[in-house]
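Chain letters run A, B, ... following the sequence lines, proteins first, then strands; residues in each count from 1. Just so you know, these numbers use all the heavy atoms, side chains as well, and skip hydrogens, waters and symmetry mates. Predicted model only: the values in this text are computed from it and were never measured.
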Protein chains: 4
Amino acid sequence: MSERATTPGPRADMVRNRRLLIGAATEAFAECGVDVSMGEIAQRAGVAKGTVFRHFASKEDLLAAITLQLLDQLIGSANRLLEADDATEALREFMTAGVEMLAADRAFCEVVGRPSLQSSEVRKAIARLADVVEVLTARAREQGAIRNDITGTDVVLLLGGIHQTAAPVLDTQPQIWRRYLELAFDGLTTTNARELPHRPPDRLQLTDPLG
Amino acid sequence: MSERATTPGPRADMVRNRRLLIGAATEAFAECGVDVSMGEIAQRAGVAKGTVFRHFASKEDLLAAITLQLLDQLIGSANRLLEADDATEALREFMTAGVEMLAADRAFCEVVGRPSLQSSEVRKAIARLADVVEVLTARAREQGAIRNDITGTDVVLLLGGIHQTAAPVLDTQPQIWRRYLELAFDGLTTTNARELPHRPPDRLQLTDPLG
Amino acid sequence: MSERATTPGPRADMVRNRRLLIGAATEAFAECGVDVSMGEIAQRAGVAKGTVFRHFASKEDLLAAITLQLLDQLIGSANRLLEADDATEALREFMTAGVEMLAADRAFCEVVGRPSLQSSEVRKAIARLADVVEVLTARAREQGAIRNDITGTDVVLLLGGIHQTAAPVLDTQPQIWRRYLELAFDGLTTTNARELPHRPPDRLQLTDPLG
Amino acid sequence: MSERATTPGPRADMVRNRRLLIGAATEAFAECGVDVSMGEIAQRAGVAKGTVFRHFASKEDLLAAITLQLLDQLIGSANRLLEADDATEALREFMTAGVEMLAADRAFCEVVGRPSLQSSEVRKAIARLADVVEVLTARAREQGAIRNDITGTDVVLLLGGIHQTAAPVLDTQPQIWRRYLELAFDGLTTTNARELPHRPPDRLQLTDPLG
DNA sequence: GATGAATGAGATTTCATTCAT
DNA sequence: GATGAATGAAATCTCATTCAT
């Protein structure tokens with residue numbers, strides 16, 4: 001009884017369409033990158049183009065929503081790993097999850113790697129991600145497992161770099177990112193090396209102060 | 001004597017325009033990426049749209065020409081460094097040159113990172129690059145300076161990865177790629193580490209056997 | 001009853017635009033030939049250029065649709081005349097209808113006369129036309145009214161020829177094709193003449209076996 | 001000696017180029033029709049595009065020149081046949097020559113069949129052709145070989161019509177125009193037929209009084 | 001006089017977005 | 001709220017013609 005009273009209209013369809021739409025957009029952006037057309041997304045969702053624009057005012061908005069969803073997954077993953085005993089292994093697991101996500105999603109890479117594609121929401125989420133990764137990294141640092149001068153932002157940036165290293169051969173060697181993740185990890189854990197030549201990166205959302 | 005006096009045709013303008021055009025295209029692709037329009041390039045060069053198409057029959061051709069020019073610079077750089085005494089330092093210098101070039105050029109990254117944008121000429125040039133880098137890498141390996149299981153193709157792929165690591169903050173910290181280059185280099189030189197978890201990448205031109 | 005009341009969608013406008021578009025295209029192709037631009041057609045229909053492409057995916061498609069419509073009219077005409085008592089008079093009527101249609105339509109002539117402009121649909125329709133005209137012709141032949149060695153394909157080809165004879169003066173003497181139709185008909189009915197010097201034409205769709 | 005005195009400049013090249021150009025244009029128009037590009041013609045002639053425009057101020061002019069040349073051949077042919085004893089056979093030979101020329105030349109057909117492509121020069125030449133064919137026809141008529149109501153203009157128009165009848169199958173049956181020439185000729189010589197239904201065509205140049 | 005580079009109008013086509021139904 | 005037709009800006013590319021060399 002009480003349920004019906006609070007939701008008067010035919011909201012069910014809308015909720016369902018939104019779900020379909022997000023699923024289709026997630027897939028389409030992942031496969032085709034940010035240049036996939038709104039028409040293609042509508043078609044994959046089995047709805048009309050107008051419906052896409054009712055749910056997301058512009059392509060930019062839709063892309064932001066999808067990207068945020070992925071970033072939130074990554075943030076959740078990092079948060080869960082904060083509880084782990086072995087901080088170094090936790091960091092490796094986080095990076096594995098992150099690169100794996102990038103490897104499977106063309107648009108996500110494009111957005112994360114190009115500030116001009118980032119809405120302010122996305123930038124905020126990236127900052128949140130950087131914050132939690134900062135903690136994850138600090139714990140590993142404190143265990144003496146990684147270099148002193150590595151920050152959480154370094155780690156976040158490395159996700160994109162490791163993915164990109166593998167990207168040109170992803171079609172023929174889809175798992176090769178694991179090789180470059182290990183290589184990068186070896187760089188991170190080279191604790192007796194001399195200090196790195198450039199100060200750590202600024203916090204990520206500062207990249208473009210307009211948003 | 002008399003031969004030099006009679007420069008034959010009205011080539012002066014064309015040469016000048018071609019130079020302007022290549023300059024404009026190099027800049028425009030570098031700043032805006034491969035999606036910049038031919039009209040924008042024409043405008044930057046100060047010529048009419050038709051002139052662009054007289055010099056380069058299609059956008060694809062123009063992009064290939066610009067990309068080849070950059071790849072040739074890189075190949076030249078690698079060839080020169082083959083003469084160096086310290087192979088490890090030579091490798092580091094080559095990687096520095098490569099990442100620096102990528103850092104300055106959005107389209108170059110896009111082309112190098114996406115096989116579908118590569119003409120057969122470009123693929124051949126990438127293969128040539130991989131070949132000479134293979135030698136450069138072998139020499140460093142023989143000096144015992146880098147891991148046994150690192151190939152030249154790994155090194156070429158790493159250029160894109162290092163660049164990408166820095167790309168999101170390039171606007172505010174344009175030199176930060178040096179940090180990630182060092183980090184990657186430390187990974188390469190971790191000679192006492194366990195073997196990397198995935199076999200080395202295939203030679204690069206094999207990505208798409210059509211070219 | 002109630003079913004008829006609920007016309008489902010906003011189809012009214014589309015149907016109207018499609019009609020306008022087909023009308024405009026029919027006219028424009030008829031007046032200007034196949035080289036008329038899609039922009040001109042859009043303008044004549046009073047719609048935007050994009051609308052033309054929503055209804056017909058390419059210029060080729062639009063031209064095919066218009067041509068098919070005319071061919072279907074002709075095929076219908078021929079089919080109806082199969083019922084006539086006087087086969088010779090039926091043949092004359094069919095030819096009258098055919099030449100009249102051509103006389104009014106530049107693009108139709110160009111398409112019918114140039115295999116490279118014919119889509120496979122159009123070629124099939126021409127073949128269907130040739131088939132029914134074959135029957136029409138056979139009946140007239142059996143009545144002893146026309147030469148023994150005249151086929152339906154001859155008759156179809158003659159439509160274009162008769163039209164072309166009149167075309168150069170069509171502007172000033174729009175009905176003169178009737179003169180040349182009669183003249184050709186007299187050629188067809190010259191039953192005591194010697195045999196024609198070249199074997200009959202092949203069936204029409206065989207011109208380009210790709211379709 | 002005397003030769004050199006009257007032609008001072010380097011006229012030889014120009015004359016040669018003009019000849020090359022006319023040859024190339026004749027071929028190109030014949031094979032490709034009026035839509036062939038000026039660049040293609042220049043290339044076939046082995047000269048630069050600018051040279052084409054020095055000799056012929058516009059594409060229209062070049063097309064007119066080539067068309068006139070062909071019309072003059074036809075006029076010459078008709079004039080020679082005025083001398084023949086058998087006027088009917090002469091008429092048949094003239095028509096054979098005319099249709100053969102059309103069969104070999106796409107642009108010629110297009111120009112002859114479309115008044116809008118005819119310069120005033122071309123229209124005048126067509127009128128001259130009609131005049132001499134008028135005589136040729138009159139002689140055959142006087143021999144009682146062809147219908148009373150056939151004029152020279154009818155005959156000229158028929159050339160295009162006969163050609164067009166065969167055009168759609170010209171690729172696979174290149175000689176089939178002979179069939180339709182014979183058929184048309186049988187129409188012309190059906191002397192006991194009733195009068196044709198439309199008055200004869202006006203003299204040809206009157207089609208478009210603007211030129 | 002010949003050259004061929006430059007021009008720029010115009011053609012086809014795509015696609016994010018708006019809006020009538 | 002959903003639909004999908006309409007819009008129109010923008011992109012690539014072609015070609016007759018002009019003009020500097």
Worksheet, complete the sentence: Correct closest heavy-atom pair for L62(A) and A25(A) would be CD1-CB, 3.9 Å

Fill in: Salt-bridge present (E31(A), R44(A); N to O < 4.0 Å)
yes

Worksheet item: Roughly, in whole Å, what's the span from CZ in F56(D) to P in dT18(F)?
Response: 16 Å

Fill in: Side-chain N,O (H55(A)) to OP1/OP2 (dG1(F)) below 4.0 Å
no

Discussion item. With a cut-off of less than 4.0 Å, is there a side-chain N or O of T51(C) near OP1 or OP2 of dT7(F)?
Written reply: yes

Discussion item. Please report the distance, rounded to the nearest Å, between CG in L62(C) and C1' in dT13(E).
Written reply: 14 Å

Discussion item. Both G46(D) and A48(B) contact DNA chain E. Taking the nearest nucleotide for each, which residue is further toward the 5' end?
Written reply: G46(D)

Discussion item. So does F53(A) get a backbone contact from the side chain of K59(A), meaning a donor-acceptor N/O pair under 3.5 Å?
Written reply: no

Worksheet item: Has the side chain of R106(C) got a donor or acceptor atom that lies under 3.5 Å from a matching backbone atom of F29(C)?
Response: no

Discussion item. Expressed as a whole number of angstroms, how long is the span from M14(C):CE to dT7(F):P?
Written reply: 13 Å

Discussion item. I'd like to know if the side chain of K124(C) and the backbone of S119(C) have a donor-acceptor N/O pair within less than 3.5 Å.
Written reply: no

Item to complete: Write down the distance between CZ (R16(A)) and P (dA2(F)), rounded to a whole number of angstrom.
Response: 11 Å

Worksheet entry | Nucleotide dT14(E), atom C1' - distance to CD of Q43(A) in whole Å | 15 Å

Fill in: Between P of dA10(F) and CD1 of I41(B), the distance in whole Å
17 Å

Item to complete: Could you provide the dot-bracket string of DNA chain F, using ( ) for intrastrand pairs, [ ] for crossing pairs and | for bases paired to another strand, with Watson-Crick or G-U pairs below 3.5 Å?
Response: .||||||||||||||||||||

Worksheet item: Does a donor on one side chain sit under 3.5 Å from an acceptor on the other, for Q69(D) and T26(D)?
Response: yes

Worksheet item: Does V47(A) or V47(C) map to a spot on DNA chain F nearer the 5' end, using the closest nucleotide for each?
Response: V47(A)

Item to complete: Let me know the distance between CG of L63(A) and P of dC15(E), rounded to the nearest Å.
Response: 16 Å

Discussion item. Without decimals, in angstroms, what is the distance between L21(D) CG and dT3(E) P?
Written reply: 10 Å

Worksheet item: Would you call E40(D) and K49(D) a salt bridge, taking side-chain N to carboxylate O under 4.0 Å as the test?
Response: no

Are any protein N/O atoms closer than 3.5 Å to N/O atoms in nucleotides 13-15 of chain F? If there are, list each pair with its distance.
from, atom 1, to, atom 2, distance (Å)
dC13(F), OP2, K59(B), N, 2.9

Fill in: Under 3.5 Å: donor-acceptor pair, side chain of Q118(B), backbone of V112(B)
yes

Worksheet item: When you match R54(D) and V36(A) each to their closest nucleotide on DNA chain E, which lands nearer the 5' end?
Response: R54(D)

Worksheet entry | E110(A) (side chain) donor-acceptor with G33(A) (main chain) under 3.5 angstrom | no

Item to complete: Please state whether the phosphate of dG1(F), meaning OP1 or OP2, lies under 4.0 angstrom from any side-chain nitrogen or oxygen of N17(A).
Response: no

